[in-house]
Amino acid sequence: MKNGIYSLLKAKFLISDDALKNWKFIVFLVILGMMAIANNHQYDAKNYRITELTNQVKELRSEFVDRRSELMKLKMESTVAKKMEARKIYPSEVPPVKIVVEDKENKKSFWDKLKIWQ
């Protein structure tokens with residue numbers, strides 16, 4: 001047992017006759033470890049990007065709600081009337097009247113319209 005630990009500390013397994021297979025395994029473990037570290041870094045970078053985009057979406061959504069409420073306020077009749085008063089344009093006191101124009105040439109009875117389809 002003491003001899004095994006002593007040879008491990010002296011790294012005799014790296015300089016012995018069959019050391020080539022040990023070196024291959026050590027290089028494999030190092031490459032595997034580097035791949036694991038790189039994968040972890042990629043994972044962290046994606047998490048930071050997702051968090052950043054989520055915060056940006058929240059900011060844009062709140063800005064959208066603010067702009068929409070501001071637009072609704074600007075579209076209100078009272079707001080438009082106040083802005084037009086500065087240009088001396090006032091709302092009408094008389095309500096609008098609907099104008100109906102009848103076309104007497106194309107005015108046909110129901111039976112005349114049916115004859116066209118035949």
Side-chain angles (χ1 to χ4, degrees):
M1 169 101 173
K2 187 176 181 182
N3 194 17
I5 295 174
Y6 184 70
S7 67
L8 183 67
L9 290 176
K10 286 272 194 168
K12 287 186 178 180
F13 66 95
L14 297 176
I15 56 173
S16 65
D17 293 336
D18 60 344
L20 184 61
K21 68 178 181 179
N22 293 337
W23 276 107
K24 287 180 185 178
F25 185 69
I26 290 172
V27 169
F28 172 73
L29 288 179
V30 167
I31 290 173
L32 199 62
M34 289 173 66
M35 287 174 57
I37 291 170
N39 189 29
N40 195 16
H41 281 293
Q42 262 187 333
Y43 174 76
D44 287 342
K46 284 183 182 179
N47 267 350
Y48 289 135
R49 180 76 175 139
I50 288 170
T51 304
E52 181 181 308
L53 289 174
T54 303
N55 291 338
Q56 192 175 4
V57 164
K58 287 178 184 178
E59 288 175 18
L60 290 173
R61 186 172 288 134
S62 68
E63 183 180 343
F64 166 72
V65 170
D66 290 344
R67 301 286 175 158
R68 185 174 57 184
S69 63
E70 185 179 329
L71 176 65
M72 294 303 244
K73 184 179 176 184
L74 288 173
K75 285 172 47 176
M76 289 174 54
E77 186 179 352
S78 59
T79 308
V80 173
K82 285 179 186 176
K83 290 196 180 232
M84 289 294 114
E85 283 178 8
R87 297 180 181 180
K88 299 198 186 280
I89 299 174
Y90 301 102
S92 176
E93 301 287 329
V94 181
V97 178
K98 185 175 182 179
I99 300 173
V100 178
V101 178
E102 291 185 20
D103 189 9
K104 291 186 179 184
E105 290 180 13
N106 290 333
K107 189 173 183 181
K108 297 179 181 176
S109 70
F110 176 74
W111 298 110
D112 291 337
K113 290 178 184 178
L114 281 178
K115 288 180 187 176
I116 292 173
W117 287 98
Q118 291 177 352

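On a predicted model such as this, the values are computed, not experimentally measured, just so you know.
- The line from CD1 of Ile26 to CD1 of Ile31 is 12.5 Å long, rounded to the nearest 0.5 Å.
- Counting non-hydrogen atoms of other residues, nucleotides and ligands closer than 6.0 Å to CD of Glu77 gives a total of 12 or fewer.
- Shortest non-hydrogen contact noted between Thr79 and Lys73 is OG1-O, 2.9 Å.
- No salt bridge links Glu85 with Lys82; every basic N to acidic carboxylate O contact stays at or beyond 4.0 Å.
- One finds the CG atom of Leu32 at 10.5 Å from the CD1 atom of Ile37 (value rounded to the nearest 0.5 Å).
- In this structure, Glu70 CD and Asp66 CG are separated by 8.5 Å, a value rounded to the nearest 0.5 Å.
- Atom CG of Asn39 and atom CE of Met34 lie 13.5 Å apart (nearest 0.5 Å).
- Here the CE atom belonging to Met76 is positioned 10.0 Å from the CE atom belonging to Met72, to the nearest 0.5 angstrom.
- Of all heavy-atom pairs spanning Val80 and Leu74, the tightest one is CG2-O, 3.6 Å.
- Annotation: the span from Arg67 atom CZ to Ser62 atom OG amounts to 10.5 Å, rounded to 0.5 Å.
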